[in-house]
Each structure stands twice: as structure tokens, then as C-alpha cells.
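Bear in mind the structure is a predicted one, so any value in this text is a computation, not a measurement.
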Protein chains: 2
Amino acid sequence: MLEQADVGELEMIRGTRAVLSLLAGKWNVPVLYLLASGTRRYSEVLYEVGEISKKTLTQTLRGLERDGLIARRVIPEVPARVEYSLTSLGWSITGPLMAMYEWAEQHLPDDVAHSDRLAA
Amino acid sequence: MLEQADVGELEMIRGTRAVLSLLAGKWNVPVLYLLASGTRRYSEVLYEVGEISKKTLTQTLRGLERDGLIARRVIPEVPARVEYSLTSLGWSITGPLMAMYEWAEQHLPDDVAHSDRLAA
DNA sequence: CCGTATCCCCCTTGATACTG
DNA sequence: CAGTATCAAGGGGGATACGG
């Protein structure tokens, strides 16, 4: 008989880490917040989200799209343009996102000393 | 003039990603949930948290301690024993953790198909 | 019992160049 | 404009062995 804590705990770990994996990429959160302020074209995201390579941006967008958080829409023009926007699932995850931000505001002494691990 | 979204957005990204970085390690969440169910000794965590190497466990515990989420206490016995427990900061972060778990329950179709990225 | 020290592998990110 | 291809670098995590 294992002394493991109850089963509910395993489910909570699973669920929590699933959400974390959706947000895990270095650029996932910045892209989500950007698209939360409005639909953008690929080149707009590239320019506005920060110092990101095109390869990494494409990877990030594909991942978020695969996970259902953002939608990709190709507008047939010449030259073609591609627009990205949040899906309803993407909008819904701003809930947990805000919970994290508010926790950070209340508990992390402003300068967020821990940012050693975030420092670009 | 940059067309960057407003400054508040940058702060939200910073705060959110700071929290994410606190929870980022593969074993951080499992350890936090385990300690939320009670104080444990090193060897108990090692056994109960899952298939983890001692090196990785020590790394995980040190990181959480450095970030102020857990407390390490050495009890002078022979042989010595070490106990780990949540700090009040550690308890407070269960709020965002629950927000994520609840979101997962409502929006991730049970089998959490995305777990490809979590599969050990 | 509670760790450290090495070595290794994989995955993510970035830089750069090329294409429909 | 919106990507893809390739190469290289860095860090996290695991296996194993050793130390106080």
C-alpha cells in the first residue's frame, strides 16, 4: 500500500500542470496579452510583442493555435495577410492569468527580485 | 513612436511570467501540493512525490525555498532529519493554483489531450 | 539520512539565410 | 508578407556514484 496522498491530489496536479504547459513557452503569455488587446497580423505581432525571431514566433503561434487558444485566419489578398485573434477558450484563460498577476502584485515586492530567471 | 500596447500590459506580462517562473519546474507543483497536505521529511517527499531523482528533488526544494514558498527545517537528531513545509507565501499561491485547476476542469475535456508535452 | 558531483541527453530559443 | 531550413548554444532533468 502506497502512502501517496489521495487521488484528488493527482488530478489537481494533472490539471494544474496542463494549464502551466499551455502557458509555458517564453512568448505564450506576451502573445496572449497582445491578442487580448485586439486582432493582429503576423507582422504586427512580430513587431509589437518584443524581440522575437520569426521562427520562434511561428512556433509560438502554431502551439497556441493547436491548443485552441488563438485562431489563425488567412485573408486572400495580394500579398496574402494572416490575422491572429483569441478564441473564446483563449479569452477564458485570461481568468487564471489575472489570478497570477494579482497574486504577483500582492506578494512580489514590486521589483520582482526573482526576475533573474526571466532576465532576457 | 512605438505602437506598443499600453504600459499596464507590460506589467501584467512581468507579473504573470514571474508567477509562472515560480511554478515552472517539472516538480514544483507536485511538491507544493504534497506539502499542502502536510509537512514532510526529505525522504518522504522523495518517495511520495513520484519518480524523481535525489538531485532533481534537492534542486526543486532549494528553488522553492529560495523563492520563499517552502521552509526547510533541520532537526538535530542522530541521524539528522530535515523537514519541509509550506510558508504563508506558499499557502497563498495555492489560490492561483486552484484557479488553474478549476479552469482545467471546466475547459479541458477530461483526458487532457495536451499531455503529450507532460508525458514523462 | 540527506544530500553533492559528474556526465549526458533533449528541448527550447536564437541567428541567419532562403522561399512561395 | 508570412513563413521554412539549418546550425548552434544554453539550461533542465535524469542516471549513477560518492560524501558528511
Side-chain angles (χ1 to χ4, degrees), chain A residues 3 13 17 20-32 34-35 39-67 70-85 114-120, chain B residues 3 13 17 20-32 34-35 39-67 70-85 114-120:
Chain A
E3 270 272 16
I13 292 174
R17 299 206 64 240
L20 253 10
S21 84
L22 295 180
L23 306 173
K26 180 175 177 180
W27 296 99
N28 289 28
V29 170
V31 166
L32 288 174
L34 181 64
L35 295 185
T39 296
R40 308 288 158 106
R41 307 180 51 168
Y42 179 88
S43 53
E44 292 172 328
V45 179
L46 185 64
Y47 174 66
E48 295 177 33
V49 85
E51 294 270 325
I52 185 177
S53 69
K54 285 189 291 181
K55 174 198 164 195
T56 303
L57 176 57
T58 299
Q59 267 181 190
T60 300
L61 293 169
R62 291 281 187 277
L64 291 171
E65 187 192 3
R66 182 175 52 76
D67 292 336
I70 69 174
R72 179 178 186 270
R73 183 176 164 231
V74 181
I75 288 98
E77 289 183 356
V78 185
R81 56 187 286 184
V82 181
E83 286 184 352
Y84 292 92
S85 56
H114 313 277
S115 51
D116 31 338
R117 265 190 282 174
L118 279 82
Chain B
E3 270 272 16
I13 292 173
R17 299 205 64 240
L20 254 11
S21 82
L22 295 180
L23 306 173
K26 179 174 178 180
W27 296 100
N28 289 30
V29 169
V31 166
L32 289 175
L34 182 64
L35 295 185
T39 296
R40 307 289 157 105
R41 306 178 53 166
Y42 179 88
S43 53
E44 292 173 329
V45 179
L46 184 64
Y47 174 65
E48 296 177 31
V49 84
E51 295 269 325
I52 185 177
S53 69
K54 285 189 291 181
K55 174 198 163 193
T56 303
L57 176 57
T58 299
Q59 264 180 191
T60 301
L61 293 169
R62 291 281 187 279
L64 292 171
E65 188 192 4
R66 182 174 54 75
D67 291 338
I70 69 174
R72 180 178 187 269
R73 183 176 164 229
V74 180
I75 287 100
E77 290 182 356
V78 185
R81 55 188 285 185
V82 181
E83 286 184 352
Y84 292 93
S85 56
H114 314 278
S115 51
D116 31 337
R117 263 190 287 176
L118 278 83

- Query: Considering only side-chain heavy atoms of B:Q59, which listed nucleotide, C:dC2, D:dG13, C:dT13, is closest?
  - Reply: D:dG13

- Tell me whether the OP1 or OP2 atom of C:dG14 has a side-chain N or O from A:T56 closer than 4.0 Å. yes

- OP1 or OP2 of D:dA2 less than 4.0 angstrom from a side-chain nitrogen or oxygen of A:S43, does that happen here? yes

- Reckon A:E77 touches a base, only the sugar-phosphate, or nothing at all at heavy-atom distances under 4.0 Å? nothing

- Query: Does A:Y84 put a side-chain nitrogen or oxygen below 4.0 Å from OP1 or OP2 of D:dG3?
  - Reply: yes

- Taking D:dC7, C:dC1, D:dG3 as options, the one with an atom nearest any side-chain atom of A:Y42 is D:dG3

- Message: Can you tell me whether the side chain of B:K54 and the base of C:dG3 have a donor-acceptor pair closer than 3.5 Å?
- Response: yes

- Message: Once rounded to the nearest 0.5 Å, what's the spacing between atom CD of A:E51 and atom CG of A:L46?
- Response: 10.0 Å

- Message: Please tell me if A:R40 has a side-chain N or O lying less than 4.0 Å from either OP1 or OP2 of D:dC1.
- Response: no

- Task: Please determine which of A:R41, A:R72, A:R73 meets the side-chain hydrogen bond (donor to acceptor under 3.5 Å, both in side chains) test together with A:Y84.
- Result: A:R72

- Considering only side-chain heavy atoms of A:P79, which listed nucleotide, C:dG14, D:dG14, D:dC1, is closest? D:dC1

- Item | Closest-nucleotide ordering on DNA chain D, the 5'-leading residue of A:T58 and A:A80 | A:A80

- Out of D:dG14, D:dG3, C:dT13, which has the shortest distance to the side chain of A:K55? C:dT13

- Hey, does the side chain of A:R62 come within less than 4.0 Å of D:dT4's phosphate (OP1/OP2), counting only N and O? yes

- Message: Counting only side-chain nitrogens and oxygens, does A:R81 get under 4.0 Å of the OP1 or OP2 atom of D:dA2?
- Response: no

